[in-house]
2 protein chains.
Amino acid sequence: MEFDQAKNKFIQTWGALGTQWGINKTMAQIHALLMVSPEALSMEDIMGELYISRGNASMNLRALIDWGIIFKEYKTGERREYFVAESNIDELARKIAKERSKREIKPTLRVLQEVSSIEETGSTEAAQFKTKTAELYEFVSRADSMLEKITDYKESWITKTIMKLMK
Amino acid sequence: MEFDQAKNKFIQTWGALGTQWGINKTMAQIHALLMVSPEALSMEDIMGELYISRGNASMNLRALIDWGIIFKEYKTGERREYFVAESNIDELARKIAKERSKREIKPTLRVLQEVSSIEETGSTEAAQFKTKTAELYEFVSRADSMLEKITDYKESWITKTIMKLMK
DNA sequence: TTTAACTTTCATTTATTATTGAAATTACAA
DNA sequence: TTGTAATTTCAATAATAAATGAAAGTTAAA
């Protein structure tokens, strides 16, 4: 396979993966592009490589910055902004995990907490509801703290976790 | 909060969470509904509770069955089918993890493998590409096997994993 | 300051994904 | 075997999400 082909395939695949994880295609593609670029890229560069509009590029670059997984870079004497991806993959994964926990898991926990606290009525339905939502709360809560624990190692956390699990 | 309110809030929240994870709203809602129902529900019941069409119900029930997280039940002397959710939450999480690994992680690994194997050209760009995609392959591969290890405990895997990680 | 390069915003358009509903199919009680 | 209740399929439609592009907003060099 040629480099250009491979690069394209990688960007497309990463984009498709994004959509399956609730991240929009362009955002994932920009991220993919920046990851494999040895140099920082400008918005123009990105628009050119991915054939996307200025507005699209601008909005998704911002979103990536909000996630903390790409950064702006300034070149001396140049007005335009350049972008680079977080280069450490463990750090990348940590940031994604943290952000998803904050945006999705934590709010869900709040709701589970709330709905599982309804008052006991006599009905079987309400009883089952309380039981199940409380169980879910327990589970999600533990999963979230497990994720925190794992990613708290900061470096090579996957390897370290596997080591611990093998013992 | 009233039971009916709480139930509705739970179903809506679960549905919204689904969309953030690439699962469609109705599928997540049906699953939520079945989880908190003490009795098996028929397609009619589900259509009525969620205000959705027959076709929608049928397609999403099928998808849930494909994921292995809900089951059909037959009542003797009755023609219609009833549905129940996997009642064990650890088991539910294991099945979801397994399915997502199969559908998303494994295919991604194949692509990463493929694109990181392009032949060395002299260019910096190609070199960075190879390095990064190989690194990603390593990482995703390890994350996937970590997930496998964790969920292989079958029962109360979250608790067990946390225990191991605390040592 | 002005000016122009560059970026952001957002109403509109386009693309994607989900849902409907009726016809076709299936399957089972009589 | 029917006859029919129940389910599935899928083309058409609706709902949602993403992308465009031009105008407004910023910023810094001249």
Side-chain angles (χ1 to χ4, degrees), chain A residues 11-34 40-67 70-84 100 103-104, chain B residues 11-34 39-67 70-84 103-104:
Chain A
I11 290 173
Q12 297 311 321
T13 303
W14 214 242
L17 194 67
T19 63
Q20 291 172 317
W21 286 77
I23 289 154
N24 86 52
K25 192 183 64 179
T26 305
M27 189 170 155
Q29 287 183 341
I30 293 177
H31 181 246
L33 174 60
L34 288 176
L41 301 182
S42 69
M43 202 156 88
E44 295 287 339
D45 294 334
I46 292 164
M47 289 162 58
E49 289 244 25
L50 302 178
Y51 298 96
I52 58 172
S53 71
R54 190 170 296 287
N56 196 8
S58 172
M59 289 192 301
N60 283 295
L61 282 166
R62 159 115 76 113
L64 285 163
I65 285 170
D66 288 346
W67 277 68
I70 72 165
F71 312 103
K72 281 189 184 178
E73 265 191 15
Y74 298 95
K75 298 198 178 179
T76 46
E78 279 215 55
R79 183 135 152 196
R80 80 175 46 174
E81 299 172 328
Y82 287 81
F83 301 89
V84 290
R100 296 203 72 136
R103 293 178 193 224
E104 295 148 23
Chain B
I11 290 173
Q12 298 311 319
T13 303
W14 215 243
L17 195 67
T19 63
Q20 290 172 317
W21 285 79
I23 289 155
N24 87 50
K25 193 184 61 179
T26 304
M27 189 169 155
Q29 288 184 341
I30 293 177
H31 181 246
L33 173 61
L34 288 176
E39 302 289 340
L41 300 182
S42 69
M43 203 156 87
E44 296 286 341
D45 295 334
I46 292 164
M47 288 161 58
E49 290 244 25
L50 302 179
Y51 298 94
I52 57 172
S53 71
R54 190 172 295 287
N56 196 7
S58 172
M59 289 191 302
N60 284 295
L61 282 167
R62 160 121 67 132
L64 286 163
I65 285 171
D66 288 346
W67 277 68
I70 73 166
F71 311 103
K72 282 189 184 179
E73 268 192 4
Y74 297 96
K75 299 197 178 181
T76 46
E78 279 215 56
R79 187 186 279 200
R80 80 176 45 176
E81 299 173 328
Y82 288 81
F83 302 89
V84 290
R103 294 179 192 222
E104 295 148 22

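Everything numeric here is computed off the predicted structure, so don't read it as measured data. Every chain is numbered from 1, with letters handed out A, B, ... down the list of sequences.
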Interatomic distance where [atom1] belongs to [X] and [atom2] belongs to [N] [whole Å]:
| X | N | atom1 | atom2 | value |
| --- | --- | --- | --- | --- |
| Ile46(A) | dT20(D) | CD1 | P | 14 Å |
| Ile30(B) | dT7(D) | CD1 | C1' | 14 Å |
| Met43(B) | dG21(C) | CE | C1' | 12 Å |
| Asn60(A) | dC10(C) | CG | P | 16 Å |
| Met47(B) | dT7(D) | CE | C1' | 11 Å |
| Lys72(B) | dT26(C) | NZ | P | 13 Å |
| Gln20(A) | dT16(C) | CD | P | 15 Å |
| Lys75(A) | dA28(D) | NZ | P | 18 Å |

So how far is it from [X] [atom1] to [Y] [atom2], rounded to the nearest 0.5 Å?
| X | Y | atom1 | atom2 | value |
| --- | --- | --- | --- | --- |
| Ile23(B) | Trp21(A) | CD1 | CH2 | 9.5 Å |
| Asn56(A) | Met27(A) | CG | CE | 12.0 Å |
| Phe83(A) | Ile70(A) | CZ | CD1 | 6.0 Å |

Arg79(A) has its side chain closest, among dT19(C), dA5(D), dA28(D), to dA28(D)
From dA18(C), dA19(D), dT7(C), nucleotide with atom closest to Arg80(A) side chain: dT7(C)
For Ser42(A), does its backbone N or O pair with a side-chain atom of Asp45(A) as donor and acceptor, under 3.5 Å? yes
Apply side-chain contact (heavy atoms from CB on, under 4.5 Å) to the pair Glu81(B) and Tyr74(B), showing each step before the final yes or no. CA-CA 6 Å; Glu81(B) 299 173 328; Tyr74(B) 297 96; 3.4 Å; yes
Contact class for Thr19(B) (heavy atom, under 4.0 Å): base, sugar-phosphate, or nothing? nothing
Look at all strands and tell whether Glu44(B) reaches a base, only sugar-phosphate, or nothing, counting heavy atoms closer than 4.0 Å. nothing
Check the pair Glu44(A) / Arg80(A) against side-chain contact (heavy atoms from CB on, under 4.5 Å), numbers first and verdict last. CA-CA 9 Å; Glu44(A) 295 287 339; Arg80(A) 80 175 46 174; 3.5 Å; yes
All side chain to side chain contact (heavy atoms under 4.5 Å, CB included) counterparts of Met43(B), not counting sequence neighbours: Met47(B), Arg54(B), Ala57(B), Ser58(B), Leu61(B)
By a strict heavy-atom criterion of less than 4.0 Å, which residues belonging to residues 50-57 of chain A are in contact with DNA chain C? Arg54(A), Gly55(A)
By nearest heavy atom, map Thr26(B) and Phe83(A) onto DNA chain C; which one lands nearer the 5' end? Phe83(A)
Using the 3.5 Å cut-off, write out each protein N or O paired with an N or O of nucleotides 11-16 of chain D and the distance between them.
none

Take Arg100(A) and Trp67(A) through the side-chain contact (heavy atoms from CB on, under 4.5 Å) test and state the conclusion after the steps. CA-CA 9 Å; Arg100(A) 296 203 72 136; Trp67(A) 277 68; 3.7 Å; yes
Heavy-atom nearest nucleotide on DNA chain D for Glu78(A) versus Met27(A): which residue maps closer to 5'? Met27(A)
Given Ile46(A) and Asn60(A), is the side-chain contact (heavy atoms from CB on, under 4.5 Å) satisfied, shown in steps? CA-CA 11 Å; Ile46(A) 292 164; Asn60(A) 283 295; over 6 Å; no
So, does Asn24(A) get its side chain near the phosphate of dA19(D), meaning an N or O under 4.0 Å from OP1 or OP2? yes
Only one of Glu73(A), Glu78(A), Arg79(A) passes side chain to side chain contact (heavy atoms under 4.5 Å, CB included) with Lys75(A), and that residue is Glu78(A)
